[in-house]
Amino acid sequence: LHVYLRAFSMNLYKRTFLGLKSDFNDKQLQGFKKAGVMHALTISGMHMAIIFGALIFPVKLLMRKWHFTRWLKLLSIPFLWFYAEITGSAPPVERAFVFISISVISSLLINRDVRIRDSVFTVGVLYLIFQPRSIFDISVQLSFAAVFGIAWIVPILKSIYSTSNILLDFLWSSICMSLGCTISTLPFILYYFGEISSGFIIGNLLLGPLFTIWVVLCLLISLFVLLNFKLLYCLGCELMNYLGYVIEYISLQFFKLKLS
């Protein structure tokens, strides 16, 4: 990867997909901070949700013709478990894994899709039974708030606009996901930290969808490397370099702005 990726793109890949330390300079870090997207640089439940969505996307296409492919979703669980392990199994990642596992297994048992809100209540009850003190943990509250945004706010936002174009639908869904999570977690951020960057909303609207696409590209590149698809691997690296340049450019524009 070092051969094909720019320094910034390589740092972003290590930080956002592998959970490793990176060598971002002060300007880049301050740009991300002013844009209010520092959370996107740390592997969290959001990353797990994006990867799960990317893995089951082809399954959803197949399910339009063959309903038995619902069982293929089950194959994503070992992959997500492996990914959680190699990235350090941070608490938010583990919670996301539990959310997804319960949703997938429940949908197979009752032979229909399970609503996210049902999974939220199930996991919430399990936490109250086995780890009742965890509900006072900031990280747990933010995780549940983010899932609340995905379950209740995102569908409302997605209903504003619909398209049959797969690419446009993915882009709009990414924007809705970023905005929904931002809205639902904002009260907790204000309560615990007392302030947010003035570029928080705009930064998440601009960079949120780009980070979603970035994580999907990281997943594809990693699979291409494992499968030794060199042509696709090289093409993917070029796309990552271009997207990395766009992310770096936007973050540097936030660095230049006089934001609090």
Any residue meeting side chain to side chain contact (heavy atoms under 4.5 Å, CB included) with [X], in chain and number order, not counting sequence neighbours:
X      : result
Ile86  : Phe82, Tyr83
Thr182 : Ser178, Phe200, Ile201, Asn204
Tyr161 : Thr163, Leu168, Trp172
Leu220 : Val216, Phe224

query = Same cluster for Tyr245 and Ile213 if Ile/Leu/Val/Met/Phe/Trp/Tyr side chains link at under 4.5 Å?
reply = no
task = Report the residues that fulfil side chain to side chain donor-acceptor pair (under 3.5 Å) with Gln131, sequence neighbours left out, ordered by chain and then residue number.
result = none
query = Looking at residues at least two apart in the chain, or sitting in another chain, which of them share a side chain to side chain donor-acceptor pair (under 3.5 Å) with Ser101?
reply = none
task = Sequence neighbours left out, what pairs pass side chain to side chain donor-acceptor pair (under 3.5 Å) with at least one residue falling in residues 120-129?
result = none
What is the distance from atom [atom1] of [X] to atom [atom2] of [Y], rounded to the nearest 0.5 Å?
X      : Y      : atom1 : atom2 : value
Leu41  : Met38  : CG    : CE    : 5.5 Å
Ser251 : Phe32  : OG    : CZ    : 4.5 Å
Phe255 : Leu29  : CZ    : CG    : 10.5 Å
Ile43  : Leu18  : CD1   : CG    : 6.5 Å
Thr212 : Leu217 : OG1   : CG    : 11.0 Å
Asn11  : Leu5   : CG    : CG    : 10.0 Å

Work out which heavy atom in [X] is nearest to a heavy atom in [Y]; give both atom names and the distance.
X      : Y      : value
Phe97  : Ile77  : CE1-O, 3.5 Å
Ser76  : Leu55  : CB-CD1, 4.2 Å
Cys218 : Tyr13  : SG-CD1, 3.4 Å
Ser184 : Ala146 : OG-CA, 3.8 Å

request  = Quick one: list whatever passes ring-ring contact (aromatic ring centres under 6.0 Å, His included) with Phe211, sequence neighbours left out.
outcome  = none
request  = Output all residues satisfying ring-ring contact (aromatic ring centres under 6.0 Å, His included) with Phe8, sequence neighbours left out; order by chain, then residue number.
outcome  = Phe24
Near-ring test Phe144/Phe99, centroid separation under 6.0 angstrom = yes
query = Would the Tyr4 and Tyr233 ring centres measure less than 6.0 Å apart?
reply = yes
request  = Tell me who clusters with Phe136, hydrophobic residues only, linked when side chains sit under 4.5 Å apart either directly or through other members.
outcome  = Leu128, Ile135
Any donor-acceptor pair under 3.5 Å linking the side chain of [X] with the backbone of [Y]?
X      : Y      : result
His47  : Ala40  : yes
Ser162 : Lys158 : no
Lys34  : Leu257 : yes

query = Got a sec, which pairs hit salt bridge (Lys or Arg N to Asp or Glu O under 4.0 Å) with one end in residues 227-250, sequence neighbours left out?
reply = Arg6-Glu248
task = Enumerate the residue pairs fulfilling salt bridge (Lys or Arg N to Asp or Glu O under 4.0 Å) with a member in residues 12-26, sequence neighbours excluded, ordered by first and then second residue.
result = none
message = How about CH2 on Trp152, more than 12 heavy atoms from neighbouring residues, nucleotides or ligands closer than 6.0 Å, or not?
response = yes
